[in-house]
> 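Next up is a structure, given as structure tokens.
Quick caveat, the model's predicted, so the values are computed rather than measured.
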Amino acid sequence: MTLILDPDDPAGWREATVHPAPGSARTADEPGSRLTDGLNPQQKAAVEYRGPALLIVAGAGSGKTRVLTHRIAHLIETREAWPSQILAITFTNKAAAEMRERVQALLGDSASGMWISTFHSACVRILRREAEAIGLSSTFTIYDSADQRTILKRIIKDLAADTMGFTPAGAQGKISKLKNELADVETYARNINTNDPQEVMFLEIFRQYTRRLREASALDFDDLIAETVYLFRAFPKVAALYQRRFRHILVDEYQDTNHAQYALIHELTRPVEPEIVDELDRHGVLVRTMTDAMGRIPGASLTVVGDSDQSIYAFRGADIRNIAEFERDFPGAEVVLLEQNYRSTQNILSAANAVIANNFDRKDKKLWTADGDGEKIVGYTGYTAHDEAQFIADEIEVLRRAGVAYRDIAVFYRTNAQTRALEEIFVRSALPYRVVGGTKFYERAEIKDAMAYLIAVANPLDELALRRILNTPKRGIGPATETAIAVFAEQNELSFRQAMRHARELGLGPKVTGAITALADVLDEAAAMLVPSQAGIEAGTNEGASKVSEVLVFLMQRSGLLDALRNSRDPQDETRAENVDELIAQTKDFDRENPQATLVDFLTQVSLVAAADEIDDESGTVSLMTLHTAKGLEYHAVFLTGIEEGLLPHQMSASEPGGPAEERRLFYVGITRARKRLYLSLAMSRAQFGEVAVAMPSRYLQEIPDELIDWKQSPGMATSRGGTQPRALNARRGTGGDRWGGGFESRRDLDRFSVTRAPAAKTEWANKVTGTVRDNGDLTLEAGDRIRHTDFGEGRVTQVTGEGTKRIAHVAFDTAGQKKLLIKIAPIEKL
């Protein structure tokens, strides 16, 4: 008989079926064979591998999620692992949910008990369970970026550090980088130059920031991983429980791991040494059936999936060496290359292969597909960013008329500043769009206020949450009163929350005192709602405790926050009240889907929502996003914009080691998001920092073979050399390409490309598009009307759709073709 750890209780054990020895032969009729049917040879090899370490080099669109999920299902179905012995780690909640659903679809109920989660979610789960070991409350708060900046702003102000150039964002970035390198405040203190006042001041900021988080029983996002690594290193017996539990660890997107994540994986895959095994055995933990001839529990089997060609997060601390040196870290590791692509056409893949081949120090692979060449890539050189945007808008309408849904189309750019021209033209063209990465739901002020009430109830030590709600809505409690409470708390060794209960001892006016004690009473009543009934306490369940939605409704009503928003004269407060109502609706959904969950469970879930998880696949809008945001997504048609020197590669990458190579990987990622249609566009001139400058074609365009691209740039000065070659290809080929500005023949090329030096250049541009808009007031149009447009000339209205301010004119222009215009702002006049 063999016992294994129960998935939900680290102290509980259950009987397990004896598994076949790793690597033992199986016939085609044995369990697991159905899970390899339909896989290509490389995918099958990755699913069936049994050994200490496996690196799956998965090219874009090569079915890596399918391989990962089938590998997990194969381990379980062949009885080589219980679900509770599997830990699969992804980078987004969306990817984790997809992987979990796929495994459950393959195995049904027998898949329950696996840990499939993000790095942060897995670490939160471990830390909530082991919090006492590192001096934390199990209800610790997780601070997001805005919370961190609030604390740092206060610290910098108290220390007058702003006079030395310190900003909350700058300090936050440096602290994050240090934590991702597993350097805490004491480690940093040992290595600073004490003669440098900047370093001494930053050390004090870092020290106070660390102290304030501890006092509030809070962790920031970077702490979640770093503290778990510290926990495992400081308490080997705690680490051993998880090392013996997780026998198969699988990590997706391994090329994006930073040092802290890399260290966490190494801690989890360490063998359990004999002396620890003996101690666990003495405490009744079953370990003897798992030991090898040396008395150790061998390290877990590690599978990592990734692609060094898609490593684009160096600015976040991602270290490409983690995947490039995997075989050195794990001698004898098996490497499987997945090169068959199931997403894109061969023309798109050939362009991607040609571009990325210019990067050195990479595992060579060639993506290929069995689905044919497909359409050529379309290239376009615009006169300005507005002209480029108009081309994109027109092509999107062509795709739409051909049956491609708006939600299957995406526009990518290198910097957020590029959205201005795109948004102006899209609005004028009545194109439905959304900028992915705008203000997220949980980042809205009113939502953070409502969440702060919940946090203050769940974690009474969280001073940041209490300070946020102290005068929200307005209660007449100003900064001086807030400081008085904090001073009283410090002098009497009380928490901020306890000091609020002693408001009558602060010597404040009766109105302010009443406001403080009333808020304290509301929070205490809400906390009492969370206490389970006696029967629930005895059963160890949450029975009898109020639901999260009930607590939130109570807090919103008793605090007056909702009433304040609804009764406000600010028209935007109506929308804010609707947002709070949406939060209440979400808590009700959470309660329905998680009947035994607690408030801490809800707060944990919310804190782990990532930007990429908010992309709505059902949206009938064109998605605009940065190339970094596009990672992991795919669309029928993709527009890659601004393929120019200074944008891609970005000018900031010029002086950074490996910068141009990472920018090339970013271009590669953008190309490989496209399934059927890919468009590459650039402008001859672009406004930056308030000035119009000549834009040069990106060096990366030279790396794509001529025959793959059909250039459709506008007439006139869009071509040079007598109009015989696309301007984008006028750069000298074969120059190596990674020198900043290298790859162009001479300064004379700049003069030849210039569109500002000669007035004739503008007159030759037949279709130049501006950013002009006009308030047309009550202009009425109907089919048959003739109009004149500032950019497109004269045309005839074919139909008018929509109502009110959203009326859209469909116009057939004499020279510019079919266009859609938002009548309210289009630069048009009725003839």
Side-chain angles (χ1 to χ4, degrees), residues 55-69 71-72 86-103 114-126 142 144-145 176 179-180 220-226 228-229 249-266 268 302-324 326 436-437 440 604-615 617 625-634 662 665-666 668-670 672-673:
L55 167 61
I56 303 173
V57 180
S62 60
K64 69 179 178 69
T65 304
R66 188 181 188 202
V67 170
L68 264 180
T69 52
R71 178 166 170 76
I72 292 169
I86 291 171
L87 170 63
I89 298 177
T90 68
F91 269 80
T92 68
N93 295 311
K94 184 178 180 181
E98 181 185 354
M99 193 181 296
R100 194 177 301 112
E101 287 168 9
R102 287 208 200 181
V103 176
M114 296 177 296
W115 278 30
I116 299 182
S117 65
T118 62
F119 274 101
H120 293 103
S121 296
C123 289
V124 168
R125 201 166 170 182
I126 292 168
I142 302 168
D144 63 13
S145 295
S176 177
K179 289 185 176 183
N180 285 332
D220 62 30
F221 255 74
D222 299 313
D223 283 329
L224 296 177
I225 297 172
T228 307
V229 174
I249 296 173
L250 304 95
V251 186
D252 194 10
E253 303 286 8
Y254 192 67
Q255 77 280 349
D256 293 336
T257 51
N258 59 33
H259 178 68
Q261 291 159 339
Y262 170 84
L264 177 67
I265 297 302
H266 272 255
L268 284 167
L302 175 63
T303 300
V304 302
V305 184
D307 181 6
S308 58
D309 292 339
Q310 296 185 68
S311 178
I312 59 173
Y313 294 125
F315 68 96
R316 289 186 193 167
D319 191 342
I320 194 172
R321 292 175 300 176
N322 292 350
I323 192 165
F326 183 81
V436 178
K440 302 297 183 296
T604 299
Q605 176 178 299
V606 169
S607 67
L608 296 173
V609 171
D613 296 330
E614 295 188 19
I615 292 169
D617 295 332
M625 69 188 80
T626 64
L627 281 163
H628 283 98
T629 305
K631 176 81 164 19
L633 304 176
E634 59 179 78
E662 173 142 335
R665 291 194 292 271
L666 199 53
Y668 173 84
V669 164
T672 53
R673 300 308 95 195

> Do Asn180 and His259 touch side chain to side chain, with heavy atoms closer than 4.5 Å?
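Asn180 vs His259: side chains apart.
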
> Do Leu264 and Cys123 touch side chain to side chain, with heavy atoms closer than 4.5 Å?
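A side-chain contact under 4.5 Å exists here.
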
> For the residue pair Leu250 and Ile86, establish whether any side-chain heavy-atom pair is separated by less than 4.5 Å.
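They are in contact (side-chain heavy atoms under 4.5 Å apart), so the answer is yes.
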
> To the nearest 0.5 Å, what is the distance between CH2 on Trp115 and CZ on Arg125?
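Going from CH2 on Trp115 over to CZ on Arg125, the span is 4.5 Å.
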
> How long is the span from the CG atom in Asp256 to the OG1 atom in Thr90, to the nearest 0.5 Å?
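So the CG of Asp256 and the OG1 of Thr90 are separated by 11.5 Å.
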
> So Thr303 and Val251, do their side chains get closer than 4.5 Å, heavy atoms only?
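The answer is no; the side chains never approach within 4.5 Å.
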
> May I ask you to test the Tyr254-Ile89 pair for a side-chain heavy-atom distance under 4.5 Å?
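Not touching, per the 4.5 Å side-chain cut-off.
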
> Step by step, would you call Asp223 with Asp220 a side-chain contact (heavy atoms from CB on, under 4.5 Å)?
CA-CA 5 Å; Asp223 283 329; Asp220 62 30; 3.2 Å; yes

> Between Ile142 and Leu224, does a side-chain contact (heavy atoms from CB on, under 4.5 Å) hold up when you go through it step by step?
CA-CA 8 Å; Ile142 302 168; Leu224 296 177; 4.2 Å; yes

> Using only atom types and a distance under 3.5 Å, with no angle test, would you say the side chain of Arg665 pairs donor to acceptor with the backbone of Ser311?
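Checking the backbone N and O of Ser311 against the side chain of Arg665, a donor-acceptor pair under 3.5 Å is found.
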
> Test your reading of the model: is there a side-chain donor-acceptor pair from Asn322 to the backbone of Thr257, 3.5 Å cut-off?
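Yes: the side chain of Asn322 pairs with the backbone of Thr257.
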
> Locate the shortest heavy-atom distance separating Lys631 from Gln310; write the atom from each residue and the value.
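Smallest interatomic distance, heavy atoms only, reads CE-O, 3.2 Å.
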
> Can you tell which of Asn258, Asp222, Ile225 makes a side chain to side chain contact (heavy atoms under 4.5 Å, CB included) with Lys179?
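Only match with Lys179 under side chain to side chain contact (heavy atoms under 4.5 Å, CB included): Asp222.
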
> Let me confirm one number: the CD1-CZ distance from Ile72 to Arg100, rounded to the nearest 0.5 Å.
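Result: 10.5 Å between the selected atoms.
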
> Taking all heavy atoms of Ile323 and all of Ser308, pick out the closest pair and write down the distance.
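Scanning both residues completely, I find the closest heavy atoms to be CG2-CB, 4.0 Å.
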
> How far does CG of Leu633 sit from CZ of Arg673, to the nearest 0.5 angstrom?
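Atom-to-atom, Leu633:CG and Arg673:CZ are 7.5 Å apart.
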
> If you measure from OH on Tyr313 to CD1 on Ile320, what distance do you get to the nearest 0.5 Å?
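One gets 13.5 Å once the value is rounded to the nearest 0.5 Å.
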
> Which word best sums up how the rings of Phe119 and Phe91 line up, parallel for under 30°, tilted for 30 to 60°, or perpendicular for over 60°?
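Geometry flag for Phe91 against Phe119: perpendicular rings.
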
> Can you measure from CE (Met114) to CE (Met99) and round to the nearest 0.5 angstrom?
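Nearest 0.5 Å value for the CE-CE distance: 9.5 Å.
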
> Please lay out, stage by stage, how Asp252 and Leu68 fare under the test side-chain contact (heavy atoms from CB on, under 4.5 Å).
CA-CA 8 Å; Asp252 194 10; Leu68 264 180; 3.9 Å; yes

> Give the intermediate values and the outcome of side-chain contact (heavy atoms from CB on, under 4.5 Å) for residues Glu98 and Thr69.
CA-CA 10 Å; Glu98 181 185 354; Thr69 52; over 6 Å; no

> How close do Ala318 and Gln255 get, heavy atom to heavy atom, and via which atoms?
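So the minimum-distance heavy-atom pair works out to CB-O, 4.1 Å.
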
> Return yes when atom CZ of Arg321 has more than 12 non-hydrogen atoms of other residues, nucleotides or ligands closer than 6.0 Å, and no otherwise.
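Not more than 12 within 6.0 Å, no.
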
> Any non-hydrogen side-chain atom of Arg66 less than 4.5 Å from a side-chain atom of Arg71?
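Not touching, per the 4.5 Å side-chain cut-off.
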
> Taking all non-hydrogen atoms of both residues, which atom of Ala96 and which atom of Ser117 are closest, and how far apart?
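So the minimum-distance heavy-atom pair works out to CB-CA, 3.9 Å.
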
> Could you tell me whether the side chain of Val669 reaches within less than 4.5 Å of the side chain of Leu627, counting heavy atoms only?
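No, too far: nothing below the 4.5 Å cut-off.
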
> Can you name the closest pair of heavy atoms from Phe326 and Leu55 and give their distance?
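Heavy-atom minimum between the residues: CD2-CB, 3.6 Å.
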
> Minimum heavy-atom separation for Asp307 to Gly59, with atom names?
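Residues Asp307 and Gly59, closest heavy atoms: OD2-CA, 3.8 Å.
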
> Is it true that a side-chain atom of Glu253 and a backbone atom of Val305 form a donor plus acceptor pair closer than 3.5 Å?
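Flag not set: sc Glu253 to bb Val305 has no pair under 3.5 Å.
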
